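In what follows, a structure is listed as structure tokens, so that the remarks can point back to it.
As the structure is a prediction and not an experimental result, all values here were calculated from the model.
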Amino acid sequence: RAQAALERALKLSPNDSSLWTQLAFTHYRQGTLKQAEELAQRALSLASARPGEQAAALRLIADIETAQGNSVQAASARRKAESLAR
């Protein structure tokens, strides 16, 4: 249900990076990691002027990369998120 609600909200606010991050998280929790990564990357691109939202998307990307066994990419995303959070 959360996923459907987020998709409806995105129809009203398609450039809201936090909604994209939340939708990506629902896919991550469901184990659809490729979809989650694509959505999180979209969130990251939409959050270009908002460091806090960029950091949230990058932390999720790091978690997704970890789940996919991509430790180098995960570490890179975490470093970027940490630098934005400062």
Side-chain angles (χ1 to χ4, degrees):
R1 286 194 316 213
Q3 197 170 11
L6 287 165
E7 289 170 354
R8 284 191 302 275
L10 280 166
K11 287 180 182 178
L12 298 172
S13 230
N15 295 321
D16 187 330
S17 62
S18 65
L19 290 174
W20 286 104
T21 300
Q22 291 174 55
L23 182 59
F25 182 74
T26 66
H27 281 275
Y28 168 69
R29 294 284 302 213
Q30 290 176 343
T32 52
L33 300 178
K34 184 167 178 59
Q35 181 73 15
E37 185 174 11
E38 290 172 5
L39 295 168
Q41 288 292 344
R42 176 119 186 228
L44 181 60
S45 70
L46 289 170
S48 62
R50 294 177 297 281
E53 290 182 26
Q54 282 180 312
L58 283 164
R59 283 190 293 273
L60 179 56
I61 290 168
D63 290 343
I64 294 165
E65 292 292 358
T66 298
Q68 293 177 340
N70 302 324
S71 59
V72 173
Q73 293 90 334
S76 175
R78 280 196 178 83
R79 280 191 302 275
K80 290 177 188 174
E82 288 173 12
S83 71
L84 287 168
R86 293 182 191 149

Anything under 3.5 Å between a donor and an acceptor, one on a side chain of residues 71-79, the other on a protein residue two or more places apart or in another chain? List them.
from: Arg78; atom 1: NH1; to: Thr66; atom 2: OG1; distance (Å): 3.4
from: Arg78; atom 1: NH2; to: Asp63; atom 2: OD1; distance (Å): 3.0

Trp20 side chain to Pro14 backbone, donor-acceptor under 3.5 Å: yes
Could you pull out the closest heavy-atom pair between Leu10 and Leu23, with the gap in Å? CD1-CD2, 3.7 Å
Of the non-hydrogen atoms in Gln68 and Lys34, which two are nearest, and what is the gap between them? NE2-N, 3.9 Å
From Arg59 atom CZ to Phe25 atom CZ, the distance as rounded to the nearest 0.5 Å: 12.5 Å
Quick one: which residue pairs count as a salt bridge (Lys or Arg N to Asp or Glu O under 4.0 Å) with a foot in residues 2-15, not counting sequence neighbours? none
Taking atom types as modelled and ignoring hydrogens, do the side chains of Gln3 and His27 form a donor-acceptor contact shorter than 3.5 angstrom? yes
Distance col, row Ile61:CD1 vs Asn70:CG, nearest 0.5 angstrom, shows 12.5 Å
Result block: side-chain N/O donor-acceptor pairs under 3.5 angstrom for residues 38-51, not counting sequence neighbours:
from: Ser45; atom 1: OG; to: Arg42; atom 2: O; distance (Å): 2.8
from: Arg50; atom 1: NE; to: Glu53; atom 2: OE1; distance (Å): 3.2
from: Arg50; atom 1: NH2; to: Leu46; atom 2: O; distance (Å): 2.9

